[in-house]
Amino acid sequence: MKTRQIIFNGVNDWEIRTIDLPPLKENEVLVKVEACGLCTWERDILSGREPADFPFTGGHEIAATVVEKGSNVDPDLKIGAKVAVAKWARCNNCYECRRGFDNHCREAQRPAPAGQAWGPGGFSEYLIAKSYEVFPLPGNNPVHFAALTEPMACVTRSIRRVDLVAGDTAVVIGAGFMGLLFLKLLKLRGIKVVVVQRSAKRRELAKQMGADLVVDPTSQNWVEVIKDFTEGRGAQSIFYTAGGPEMLNQCLKGAAIGGYVLIYAPLFETACLDVDEIHFKELVVLGSVRHDKESVREATSIIGDGLINLEDLNLEFCSFTDFDKALEKAINNRDIHRVLLTWDK
Ligand SMILES: [Zn+2]
Ligand SMILES: [Zn+2]
């Protein structure tokens with residue numbers, strides 16, 4: 001079986017190659033990639049912004065259909081089934097997997113043998129995945145939405161890590177693609193959501209997507225606005241997706257007693273945080289990276305069953321064969337939430 005695949009040979013050097021896929025093992029599933037998101041990670045590796053080894057095969061936001069399965073794969077997984085593929089090793093044996101942090105599985109972080117391509121490989125026509133990496137999409141939503149599973153699973157995991165109940169107030173800092181997913185998933189849980197965002201266009205979109213309040217941090221003291229909104233208490237959870245150290249310190253100020261500040265995006269620098277704000281208000285400051293298997297399962301269920309509206313997200317289809325154009329769109333058109341790559345369109 002042959003497949004076309006996009007391979008990065010070096011910085012700003014990609015090509016479409018055709019490779020032979022190995023025979024399917026008993027616990028593996030052969031899928032046809034129906035759509036794959038073009039995420040910042042792959043773009044940063046290609047541009048050299050994120051140092052990485054080459055050759056590299058990107059594509060980790062994978063929507064697919066099942067073509068063939070190994071002899072030991074769940075009989076309930078049907079040929080032709082719509083699936084999300086979360087290409088991430090979860091060995092179930094390493095310390096982190098056993099401790100419930102399969103998003104840090106040691107197997108997944110083992111370097112590929114020298115000279116061999118590494119990476120999730122979703123920028124392919126056909127792909128072999130471990131059966132545990134394949135998550136069936138329930139319901140009637142079109143298969144391309146399964147490409148949103150991976151980013152959404154990072155969000156479902158983040159939300160699971162904080163203590164929020166219906167009626168609480170949460171703040172989302174930043175209304176980019178991830179910020180909007182936070183907004184939609186928090187609304188689904190009955191949370192009042194305030195979105196803090198500089199761009200008027202993005203604020204308007206957040207409002208349309210259900211934000212209870214949007215705040216421009218450049219013209220308003222957003223911490224005071226949150227206090228007014230919560231009768232002086234502050235927000236039970238604040239999700240930081242962008243903004244820098246100064247914004248993080250404001251998050252500490254905007255959080256209620258016993259509240260959570262979840263750091264979703266890295267700073268890539270050492271920041272000075274107001275520790276007494278954490279101490280005296282008994283705040284929980286925590287991070288969340290990637291997805292674990294439970295968060296992927298939850299995301300497929302939400303997406304497949306149509307529990308949130310995905311139609312209002314600006315998804316742009318591009319052909320894998322037009323990869324340069326896809327990159328150009330993803331980089332320069334900030335209104336596009338995700339470029340979805342397909343082989344046919
Ligand atoms: Zn991604
Ligand atoms: Zn493991």
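Just so you know, residue 1 is the first one in the sequence shown, and it goes up from there. Whatever order the structure lists ligands and atoms in, that order sets their numbers, starting from 1.
- In summary, Asp274 and Lys253 engage in a salt bridge, as defined by a charged side-chain N under 4.0 Å from a carboxylate O.
- The Zn ion (ligand 2) has Cys91 among its coordinating residues (N/O/S atom, backbone or side chain, under 2.8 Å).
- The minimum distance between the Zn ion (ligand 1) and any N, O or S atom of His60 involves atom NE2.
- Taking the six-membered ring for Trp and the full ring otherwise, Phe320 and Trp343 have centroids separated by under 6.0 Å.
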For this session: Applying salt bridge (Lys or Arg N to Asp or Glu O under 4.0 Å), run through Asp335 and Lys201 and close with a yes or a no.
Result: CA-CA 9 Å; Asp335 293 338; Lys201 206 168 175 184; 2.8 Å; yes
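- Between Phe239 and Phe182, the ring center distance clears the sub-6.0 Å criterion.
- Restricting Glu61 to its N/O/S atoms, the shortest distance to the Zn ion (ligand 1) is reached by OE2.
- Among the atoms of Cys154, no N, O or S atom is found under 2.8 Å from the Zn ion (ligand 1).
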